[in-house]
A.B. asks: 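My questions will all concern the structure given below.
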Amino acid sequence: MYNTKEIEEKWQNYWKEHETFKAENNSDKEKYYLLVEFPYPSGAGLHVGHVRSYTALDSIARLKRMQGYNVLFPMGWDAFGAPAEQYAIKNHIHPKKAVEENIKVFKSQLLSMGYSFDWTREFSTTDPEYYKWTQWQFLKFYEQGLAYKAEKEINWCPQCKTGLSNEDAQGGVCERCGTKTEKKLKSQWLLRMTKYADRLLEGLDETEFLEKIKVAQINWIGKSKGASVFFGLEGLDDKLEVYTTRPDTLFGVTFMVISPEHKLLEKYKDRIKNISEVEAYQKEAKEKTEIERTDASKEKTGVKIDGLKAINPVNGETVEIWISDYVLANYGTGAIMAVPAHDERDFAFAKKFGIKIIPVIDNGEEELTEAYTGDGKMINSGFLNGITNKEEVIEKMINYLETNSIGHKTTNYKLQDWIFSRQRFWGEPIPMVYCEKCGWVPVPYEELPILLPDVTAYEPTETGESPLANITEWVNTTCPHCGGKATRETDTMPNWAGSSWYWLRYMDPHNDKEFANYDILKYWGMVDLYNGGMEHATRHLLYARFWHEFLYDQGLVPTPEPFKKRVAHGMILGENGEKMSKSRGNVINPDDMVKAYGADALRVFEMFIGDYSKDASWSENGLKGCKRFLDKIYRLKDKVVDKEGYTSELENIINKTIKKVTEDILSMDFNTAVSSLMILSNEYDKINELTKSDYRILLTLLNPIAPHITEELVSICKLGNPICETPWPTYDETKMIDETVTIAVSVNGKLRSSMSVPTNTGKDELIRLAKELENVQKHLKDKEIIKEIVVPNKIVNIVVK
RNA sequence: GCAGGUGUGGCGAAAUUGGCAGACGCACUAGACUUAGGAUCUAGCGGAGCAAUCCAUGGGGGUUCAAGUCCCUUCACCUGCACCA
């Protein structure tokens with residue numbers, strides 16, 4: 001009937017030649033900034049999941065443009081990092097080359113879908129012109145003391161042979177390869193993200209993120225309020241600091257627990273009589289994976305330290321110190337005061353090792369069978385006895401701690417500083433130089449970018465060093481400070497670095513003086529709508545917000561928060577309802593679908609497939625149905641006669657459909673937008689003649705979702721200028737009023753009949769008409785009418801007894 | 001365990017926010033046209049019943065003239081986080 005490929009290429013060329021989708025940096029128009037997460041140009045190419053989210057935002061972009069907005073809808077490539085590097089290693093080509101090839105494929109696939117990206121703003125994070133500014137921003141972090149090098153126990157992936165951030169090692173497994181991570185002590189660059197913990201929490205109020213995304217971020221930041229308490233060490237002029245959220249239970253402390261990594265153990269090695277037992281436990285803990293260690297259901301283990309005892313500062317009692325892996329080294333102070341009566345974990349530990357349990361909150365029971373965590377009257381607690389209000393007790397205790405200098409109020413976060421070093425070749429070199437004399441020295445701004453060398457070996461090394469360490473001619477340099485011999489930092493940045501500011505570069509992508517001009521940043525402001533996967537709710541989104549808040553503090557960007565609204569698309573699952581994967585053999589290649597049914601049909605189908613935010617299973621039959629819908633629209637052209645103005649009997653539904661489609665696309669209810677267009681086309685199908693206006697409005701409304709075929713039909717039928725160059729239609733409320741409405745009539749709430757009456761018929765009249773209906777009379781017979789309810793234009797309900 | 005979410009035909013889903021449950025599409029059934037049909041058109045399509053009618057939105061209870069929608073309770077599944085002191 002028609003050749004989709006020909007039509008699609010024709011219009012894709014038209015848009016390119018006419019620069020239809022170019023966003024203007026100097027414009028009087030109101031701006032609208034739509035952002036989709038830029039993809040990794042992996043060897044696998046475009047996924048039908050990409051098609052879903054890109055089509056969604058593309059249709060909004062197209063509609064907004066027609067509504068007169070200056071729309072920024074850019075696309076680029078997030079090409080540093082492990083996937084690109086592994087692809088290169090596997091295929092024995094340089095990552096740079098691999099990235100180039102993959103981008104080419106990816107881009108041609110995106111072009112074939114007809115997306116309205118402004119391609120003049122395209123860049124890759126691996127372009128030296130781009131990563132120059134990533135390095136530049138790192139130097140800013142360093143200048144402000146927010147980038148620092150520290151010896152730190154990090155998550156190490158033995159498979160990838162690189163360190164990972166906490167965010168990349170969630171659940172104790174490497175996010176890339178699924179290998180269980182190990183703990184490894186390494187000197188690392190870190191970004192002081194903890195300094196922004198509160199800002200990252202407060203900033204959420206300025207956004208319209210989905211609730212579940214906000215919750216995920218709040219949980220990850222993990223703010224908790226409590227107190228630091230200093231326990232004395234018996235016979236020593238030293239203290240053991242613990243963090244607790246329940247200082248009110250201090251009188252219930254019967255032992256202390258420190259993590260196996262706690263520095264106290266090294267410090268007082270000589271005093272500890274059972275040091276070999278302690279060391280054996282430390283070794284055991286180290287060899288366990290994070291998963292094994294943090295399995296809450298497993299039985300508690302631990303060793304009592306013989307030779308070190310703590311003194312409870314509120315009652316002077318001596319308590320034993322234990323080590324156990326249920327206390328984590330990297331949270332709080334790595335040490336806890338244990339209150340077995342009121343903490344489940346401490347309770348389990350005390351039961352196992354026969355430690356005494358002293359209740360300090362009265363729960364009314366004789367015997368404690370489990371930790372009591374509720375409210376109650378304070379007992380066994382000295383000056384706190386008798387108080388029942390928990391908040392009051394906590395406040396009293398904190399006051400006591402502070403006046404006696406044995407503790408103070410503190411806030412704690414689960415969020416930790418961002419581990420920013422990767423022992424990898426394919427990443428932005430960290431622009432730092434190490435000099436024997438001067439220590440770590442930043443590379444001067446004018447020397448940026450520090451380019452990655454062109455070499456042949458980029459496999460990770462066995463030693464845990466970056467592959468760059470082997471390239472001596474690159475590593476050896478002079479100190480920018482003293483001019484003496486120095487070496488470059490050989491670790492590279494994590495691949496989250498490039499994606500932590502890319503939306504800013506899109507606004508001013510060719511600027512070689514600054515990462516982006518401030519006035520231009522000010523014009524575009526915040527990203528209005530940012531779409532991406534749920535998997536980035538705590539990582540990319542947290543890093544990006546942190547980075548942006550920092551730039552704001554430096555006066556480099558105009559707003560504290562980067563993204564106004566964040567939405568997440570549901571996954572496209574395989575036809576069998578499982579996640580698409582090569583091993584399951586249920587992967588659908590968008591290229592094949594475009595070839596068989598055309599880009600428009602694929603776009604329509606993915607919008608029609610279901611609720612945008614929910615997962616949906618692929619269905620080739622569903623796609624065929626959407627192709628049939630487009631074919632039907634194509635056939636409608638034969639009914640078009642040379643007349644203008646809407647056919648009067650269609651006027652009502654046309655106006656309703658304009659309203660529905662406009663609202664649905666903007667609120668991302670794409671499935672119902674498509675369905676209302678199907679309904680409209682079904683109406684067109686029922687009549688013999690269509691005016692040019694009738695046909696054009698249908699094509700216009702469908703255009704954001706199916707841009708090629710609709711433009712082609714406007715052109716074939718000579719319906720005027722291309723849709724993309726004309727304004728989006730408005731609707732006329734007065735034309736949407738129906739002349740007659742169908743009223744449902746029920747008796748005792750059960751539907752008995754219905755009637756067609758003029759719109760806005762009065763209540764009394766409706767009741768009168770309703771009672772005349774045969775089936776209604778039948779149900780009213782010999783009954784007493786108690787109540788008559790009328791909802792105008794909707795329903796009549798007669799209640800009888 | 002905590003947090004967020006979802007339960008509606010054979011399937012994907014709608015439901016103007018308390019007012020005719022199942023729009024639209026898929027699959028299926030019957031028929032028409034056809035050398036042919038993975039094209040098109042017509043009709044049907046939650047269950048039971050010849051019918052009037054009855055039963056149906058995970059289960060149970062409640063509010064109401066009226067509940068998929070509101071309240072209580074319970075079950076199932078998904079997705080995060082999880083020994084965070």
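Atom set for the values below is all heavy atoms of this structure, side chains included, hydrogens, waters and symmetry mates excluded. Chain A is the first sequence line, chain B the second, and so forth, proteins listed ahead of strands; every chain is numbered from 1.
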A.B. asks: B:A51 and B:C70: how far apart are their P atoms, nearest whole angstrom?
C.D. replies: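 Per the computed distance, 36 Å lies between those P atoms.
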A.B. asks: Hey, does A:Val327 reach any base, or is it just sugar-phosphate, or nothing, if we go heavy atoms under 4.0 Å?
C.D. replies: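 Here A:Val327 touches the bases of the nucleic acid.
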A.B. asks: Looking at B:A36, which nucleotide sits across from it as a Watson-Crick or G-U wobble partner, both distances under 3.5 angstrom, or is there none?
C.D. replies: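 Paired with B:A36, as far as the under-3.5 Å criterion goes, is no nucleotide at all.
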A.B. asks: Before accepting this row, confirm whether a basic side-chain N of the pair A:Lys390/A:Asp248 lies closer than 4.0 Å to the acidic partner's carboxylate O.
C.D. replies: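 No.
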A.B. asks: Centroid separation under 6.0 Å, is that true for the rings of A:Phe349 and A:Phe255?
C.D. replies: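 Distance test on ring centres: under 6.0 Å, yes.
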A.B. asks: What contact category does A:Asp346 fall into here, base, sugar-phosphate, or nothing, at under 4.0 angstrom with non-hydrogen atoms?
C.D. replies: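 The answer is nothing, as A:Asp346 stays clear of every strand by at least 4.0 Å.
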A.B. asks: Write down the partner of B:C11 under the Watson-Crick or G-U wobble criteria, each distance required to be under 3.5 Å.
C.D. replies: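 For B:C11, the partner nucleotide comes out as B:G25, under the 3.5 Å rule.
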A.B. asks: Sticking with atom P, work out how far B:A48 lies from B:A56, rounded to a whole angstrom.
C.D. replies: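 Comparing P positions in B:A48 and B:A56 gives a spacing of 15 Å.
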A.B. asks: Using atom C1' of each nucleotide, how far apart are B:G18 and B:A39 to the nearest Å?
C.D. replies: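 Approximately 46 Å lies between the C1' atom of B:G18 and that of B:A39.
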A.B. asks: Between A:Ser224 and A:Tyr331, is there a side-chain donor-acceptor contact under 3.5 Å, judged purely by atom types and distance?
C.D. replies: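 Per modelled atom types, A:Tyr331 and A:Ser224 side chains form a pair under 3.5 Å.
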A.B. asks: With a 4.0 Å cut-off on heavy atoms, is A:Lys212 in touch with a base, just the backbone sugar-phosphate, or nothing at all?
C.D. replies: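 If one applies the 4.0 Å heavy-atom cut-off, A:Lys212 turns out to touch the sugar-phosphate alone, with no base involved.
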A.B. asks: NA contact type, A:His779, heavy-atom cut-off 4.0 Å: base, sugar-phosphate, or nothing?
C.D. replies: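 Sugar-phosphate, backbone atoms only, no base.
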A.B. asks: Are OP1 or OP2 of B:G4 and a side-chain N or O of A:Asn219 less than 4.0 angstrom apart?
C.D. replies: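 Looking at the OP1 and OP2 atoms of B:G4, neither is under 4.0 Å from any side-chain N or O of A:Asn219.
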A.B. asks: Between A:Glu320 and A:Lys304 (salt bridge meaning N to carboxylate O under 4.0 Å), is one present in this structure?
C.D. replies: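 Here A:Glu320 pairs with A:Lys304 in a salt bridge, since their nearest N and O are under 4.0 Å apart.
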A.B. asks: With a 4.0 Å cut-off on heavy atoms, is A:Thr742 in touch with a base, just the backbone sugar-phosphate, or nothing at all?
C.D. replies: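 Base, at least one base atom sits under 4.0 Å.
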A.B. asks: Kindly assign one of parallel, tilted or perpendicular to the pair A:His540 and A:Trp496, based on the angle between their ring planes and the thresholds 30° and 60°.
C.D. replies: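 Parallel, since the angle between the ring planes stays under 30°.
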A.B. asks: With syn defined as a glycosidic angle within 90° of 0 and anti as the rest, where does B:G9 land?
C.D. replies: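 Syn, angle within 90° of zero.
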A.B. asks: Look at A:Glu774 together with A:Arg752 and state whether they make a salt bridge at an N to O cut-off of under 4.0 Å.
C.D. replies: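 A:Arg752 and A:Glu774: not salt-bridged.
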A.B. asks: With both distances kept under 3.5 Å, what pairs with B:A30, Watson-Crick or G-U wobble?
C.D. replies: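 Partner of B:A30: B:U42.
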A.B. asks: Rounding to an integer number of Å, can you tell me how far A:Phe605 CZ sits from B:C24 C1'?
C.D. replies: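 In whole Å, B:C24 C1' and A:Phe605 CZ are 14 Å from each other.
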A.B. asks: Within the 4.0 Å heavy-atom criterion, would you say A:Asn793 contacts the bases, only the backbone, or no part of the nucleic acid?
C.D. replies: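 Here A:Asn793 touches no strand at all.
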A.B. asks: Mind checking the P distance from B:C50 to B:G61? Whole angstroms is fine.
C.D. replies: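 It comes out at 30 Å once rounded to the nearest Å.
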A.B. asks: For B:C77, which nucleotide in any strand shown is its Watson-Crick or wobble partner with both distances under 3.5 Å?
C.D. replies: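 Its partner is B:G5.
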A.B. asks: Taking the P atom of each, how far is B:U8 from B:A52, in whole Å?
C.D. replies: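 About 29 Å, rounded to a whole number of Å.
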A.B. asks: Rounded to the nearest angstrom, tell me the gap between atom CZ in A:Phe629 and atom P in B:C26.
C.D. replies: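 It works out to 11 Å between those atoms.
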A.B. asks: Flag the pair A:Asp738 and A:Lys656 as a salt bridge only when some basic side-chain nitrogen lies within less than 4.0 angstrom of an acidic carboxylate oxygen.
C.D. replies: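 Yes, this pair counts.
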A.B. asks: To the nearest angstrom, how far is A:Lys763 atom NZ from B:C65 atom P?
C.D. replies: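 From A:Lys763 NZ to B:C65 P: 15 Å.
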A.B. asks: Does B:U63 count as syn, meaning its glycosidic angle lies within 90° of 0, or as anti?
C.D. replies: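 What B:U63 shows is an anti base, its glycosidic angle lying more than 90° from 0.
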A.B. asks: Within the structure shown, what part of the strands sits under 4.0 Å from A:Lys750 by heavy-atom distance: base, sugar-phosphate, or nothing?
C.D. replies: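 Sugar-phosphate: the residue A:Lys750, judged by heavy atoms under 4.0 Å, touches backbone atoms but no base.
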A.B. asks: Just to confirm, is there a sub-4.0 Å distance from OP1 or OP2 of B:A85 to any side-chain nitrogen or oxygen of A:Tyr331?
C.D. replies: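 Yes, such a contact exists.
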A.B. asks: Is the ring centre of A:Tyr2 less than 6.0 Å from the ring centre of A:Tyr634?
C.D. replies: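 Yes, ring centres under 6.0 Å apart.
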A.B. asks: Okay, side chain of A:Thr55, backbone of A:Arg52: is any donor-acceptor separation there less than 3.5 Å?
C.D. replies: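 Not confirmed, A:Thr55 side chain does not pair with A:Arg52 backbone.
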A.B. asks: Distance between the P atoms of B:A14 and B:A23, in whole angstroms?
C.D. replies: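 So the two P atoms sit 13 Å from each other.
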A.B. asks: When you measure from the side-chain N and O atoms of A:Arg752 to the phosphate of B:C54, is any distance below 4.0 Å, counting only OP1 and OP2?
C.D. replies: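 True: A:Arg752 side-chain N/O within range (under 4.0 Å) of B:C54 OP1/OP2.
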A.B. asks: Remember a base hit wins even if backbone is also touched, and classify A:Gly625 as base, sugar-phosphate or nothing at under 4.0 Å, heavy atoms.
C.D. replies: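 It contacts sugar-phosphate atoms only.
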A.B. asks: Can you tell me, in whole Å, how much space there is between the C1' of B:C41 and that of B:G58?
C.D. replies: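 It comes out at 40 Å once rounded to the nearest Å.
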A.B. asks: Please report the distance, rounded to the nearest Å, between CD1 in A:Ile258 and C1' in B:C83.
C.D. replies: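 In whole Å, B:C83 C1' and A:Ile258 CD1 are 17 Å from each other.
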A.B. asks: When you check every protein heavy atom under 4.0 Å of nucleotides 29-50 of chain B, what one-letter string (B, S, -) results, 5' to 3'?
C.D. replies: ---------BSSS---------
A.B. asks: Quick check on RNA chain B: between A:Ala216 and A:Ser224, whose nearest nucleotide comes earlier from the 5' end?
C.D. replies: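 Closest to the 5' end, via its nearest nucleotide, is A:Ala216.
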A.B. asks: Given atom CD1 of A:Ile679 and atom C1' of B:C24, what is their separation to the nearest angstrom?
C.D. replies: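 These atoms are roughly 5 Å apart.
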A.B. asks: Rounded to the Å, how far apart are A:Asn621 CG and B:G10 P?
C.D. replies: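 After rounding, the reported distance stands at 19 Å.
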A.B. asks: Between B:A85, B:U53, B:A82, spot the one nearest the side chain of A:Thr244, thanks.
C.D. replies: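 It is B:A85.
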A.B. asks: Taking atom C1' in both B:A21 and B:U57, compute the distance separating them and give it to the nearest angstrom.
C.D. replies: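 B:A21 and B:U57 have their C1' atoms separated by 8 Å.
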A.B. asks: So does A:Arg246 pair up with A:Asp343, basic N to acidic O under 4.0 Å?
C.D. replies: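 Looking at A:Arg246 and A:Asp343, the cut-off is not met.
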A.B. asks: For A:Met534 and B:U79, what is the distance between atoms CE and P respectively, to the nearest whole Å?
C.D. replies: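 Taking CE of A:Met534 and P of B:U79, I get 12 Å after rounding.
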A.B. asks: Whom does B:A66 pair with, Watson-Crick or G-U wobble, provided both distances fall under 3.5 Å?
C.D. replies: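 Base partner found: none.
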A.B. asks: From the options A:Lys627, A:Arg635, A:Arg628, select the one residue that forms a salt bridge (charged side-chain N to carboxylate O under 4.0 Å, His left out) with A:Asp631.
C.D. replies: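 Of the listed residues A:Lys627, A:Arg635, A:Arg628, the salt bridge (charged side-chain N to carboxylate O under 4.0 Å, His left out) partner of A:Asp631 is A:Lys627.
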A.B. asks: So A:Phe670 and A:Arg603, do their side chains get closer than 4.5 Å, heavy atoms only?
C.D. replies: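 Of all side-chain heavy-atom pairs linking A:Phe670 with A:Arg603, none is under 4.5 Å.
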A.B. asks: Please list, chain by chain and in numerical order, all residues satisfying ring-ring contact (aromatic ring centres under 6.0 Å, His included) with A:Tyr413, sequence neighbours excluded.
C.D. replies: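 Partners of A:Tyr413 under the ring-ring contact (aromatic ring centres under 6.0 Å, His included) test: none.
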A.B. asks: Can you give one letter per nucleotide of nucleotides 11-19 of chain B, going 5' to 3': B for a protein heavy atom under 4.0 Å from the base, S for sugar-phosphate only, - for none?
C.D. replies: -BSS-B--B
A.B. asks: In whole angstrom, give the distance that lies between atom CG of A:Asp248 and atom C1' of B:A85.
C.D. replies: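 Distance check: A:Asp248 CG to B:A85 C1' gives 13 Å.
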